[in-house]
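Please read all numbers here as calculations on a predicted model, not as lab measurements.
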Amino acid sequence: MEKAGYKSIALDIAQRIVSGEIPIHSKISGRSLLAGQYHVSPETIRKAIGLLKDEKIVSVSQGKEITIVSDSNAYEYITKNHYLKSVYSLKQDLQLLLHQKQELDRNFESLVKEIIEASDRLQNIKPYKPVELKIKPQSHVIGNTIANLQFWQNTGATIIALRRGTNVSISPGPHVVLREDDVIVVVGDEKVYEITEQFINKMRA
């Protein structure tokens, strides 16, 4: 990071000024503290402050005191270097991913509800609210198929879906191999939920 790192640090400090995190007319802590924050050498910090000084964003006194003098210049600096755009784009991408995740969760819940309502066998289970159970590391079920585990015989639970990351399998077959962090969705009575959770969380011998 040392070679070009000072440019990134200058842009980061400018962004912090624009956001108000570092107020106008405030003093920035000494270079040694900045070096500690960014984990670079004082020389790298000196170059970064030099860039900000050249852009009239900060002033540096003879005593090496650094003062923030212009947030508008800071804004112009990050804009012309496309830094603001990249930060904004990252936030937009994150918001889009969160929206997609929420949409996936809604679709998943809706689909599970439809499966339960459409199945005569499941309608007779009271209560039949589905419960999600996550397979933890070291669980004895990891690497085994649903059939080999004799899942229903051991728990009395009916697996109606399996979520693996963003993929959802509805009514997974007996030959599906369970993996760490899989989320299985089961229905049954309250006793069944407790038995199933104990079963899947039993550690490997």
Side-chain angles (χ1 to χ4, degrees), residues 1 8 11-12 15-16 18-22 33 36-40 83-205:
M1 182 176 174
S8 297
L11 285 165
D12 187 64
Q15 169 64 30
R16 290 166 68 188
V18 171
S19 70
E21 181 186 340
I22 303 176
L33 179 58
Q37 282 181 335
Y38 290 102
H39 306 292
V40 294
Y83 187 77
L84 186 65
K85 183 180 177 183
S86 68
V87 170
Y88 180 76
S89 297
L90 287 171
K91 287 181 179 176
Q92 290 292 96
D93 290 346
L94 179 59
Q95 287 174 348
L96 179 62
L97 284 172
L98 288 173
H99 177 74
Q100 289 174 343
K101 181 183 182 301
Q102 289 167 353
E103 188 66 25
L104 176 68
D105 288 342
R106 278 195 295 270
N107 291 342
F108 179 72
E109 288 170 11
S110 174
L111 193 54
V112 167
K113 186 178 177 184
E114 284 181 33
I115 291 167
I116 291 170
E117 289 174 351
S119 171
D120 292 337
R121 181 163 59 90
L122 295 177
Q123 281 179 355
N124 293 326
I125 300 174
K126 301 293 181 182
Y128 57 78
K129 182 181 178 184
V131 171
E132 294 189 6
L133 299 170
K134 188 171 186 178
I135 297 175
K136 297 178 180 178
Q138 304 305 316
S139 167
H140 77 105
V141 305
I142 295 171
N144 286 300
T145 64
I146 294 171
N148 287 343
L149 290 165
Q150 295 187 302
F151 203 93
W152 183 82
Q153 292 89 331
N154 279 304
T155 64
T158 300
I159 300 178
I160 60 171
L162 183 144
R163 177 153 57 177
R164 180 171 291 163
T166 57
N167 296 319
V168 177
S169 301
I170 303 303
S171 298
H175 303 300
V176 170
V177 176
L178 297 177
R179 298 179 187 171
E180 180 180 335
D181 291 334
D182 279 354
V183 175
I184 59 171
V185 185
V186 302
V187 291
D189 58 30
E190 289 181 12
K191 187 185 293 184
V192 163
Y193 297 148
E194 187 178 341
I195 293 169
T196 306
E197 187 163 22
Q198 289 174 356
F199 179 73
I200 69 168
N201 288 330
K202 192 164 64 179
M203 295 303 169
R204 232 185 247 118

A.B. asks: Do you know the tightest heavy-atom contact between Asn154 and Ile195?
C.D. replies: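 Taking Asn154 first and Ile195 second, the nearest heavy atoms are O-CG2, 3.7 Å.
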A.B. asks: Here's a test for you: under side chain to side chain contact (heavy atoms under 4.5 Å, CB included), which of Asn201, Leu149, Ile200 qualifies with His140?
C.D. replies: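 The residue from Asn201, Leu149, Ile200 that satisfies side chain to side chain contact (heavy atoms under 4.5 Å, CB included) with His140 turns out to be Leu149.
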A.B. asks: Go through the structure and list residues passing salt bridge (charged side-chain N to carboxylate O under 4.0 Å, His left out) with Glu194, not counting sequence neighbours.
C.D. replies: none
A.B. asks: If you measure from CZ on Phe199 to OG1 on Thr155, what distance do you get to the nearest 0.5 Å?
C.D. replies: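 So the CZ of Phe199 and the OG1 of Thr155 are separated by 7.0 Å.
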A.B. asks: Is there a side-chain contact (heavy atoms from CB on, under 4.5 Å) between Val192 and Val186? Walk through the geometry before answering.
C.D. replies: CA-CA 9 Å; Val192 163; Val186 302; 5.8 Å; no
A.B. asks: With rounding to the nearest 0.5 angstrom, report the CZ to CD1 distance, Phe151 to Ile184.
C.D. replies: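 Reported value, rounded in 0.5 Å steps: 3.5 Å.
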A.B. asks: What pair of heavy atoms forms the shortest contact from Ile146 to Gly173, and how long is it?
C.D. replies: CD1-O, 3.6 Å
A.B. asks: Rounded to the nearest 0.5 Å, what's the gap from CG on Asn144 to CZ on Arg179? Could you check?
C.D. replies: 13.5 Å
A.B. asks: Measuring only between side-chain heavy atoms, which start at C-beta, is Ile135 closer than 4.5 Å to Ile142?
C.D. replies: yes
A.B. asks: To check you understand the geometry: which heavy-atom pair defines the closest contact between Asn148 and Thr145, and what is its length?
C.D. replies: N-OG1, 3.0 Å
A.B. asks: For atom CD of Glu180, is the number of surrounding heavy atoms from other residues, nucleotides or ligands below 6.0 Å larger than 12?
C.D. replies: yes
A.B. asks: Rounded to the nearest 0.5 Å, what separation is found between the CD atom of Gln102 and the CG atom of Leu97?
C.D. replies: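 Going from the CD atom of Gln102 to the CG atom of Leu97 covers 11.0 Å.
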A.B. asks: Could you pull out every donor-acceptor pair under 3.5 Å between side chains of residues 159-167 and any protein atom, sequence neighbours left out?
C.D. replies:
from	atom 1	to	atom 2	distance (Å)
Arg163	NH1	Asp105	OD1	3.0
Arg163	NH2	Glu132	OE1	3.1
Arg163	NH2	Glu132	OE2	3.2
Arg164	NE	Asp182	OD1	2.8
Arg164	NE	Asp182	OD2	3.4
Arg164	NH2	Val177	O	2.8
Arg164	NH2	Asp182	OD2	2.6

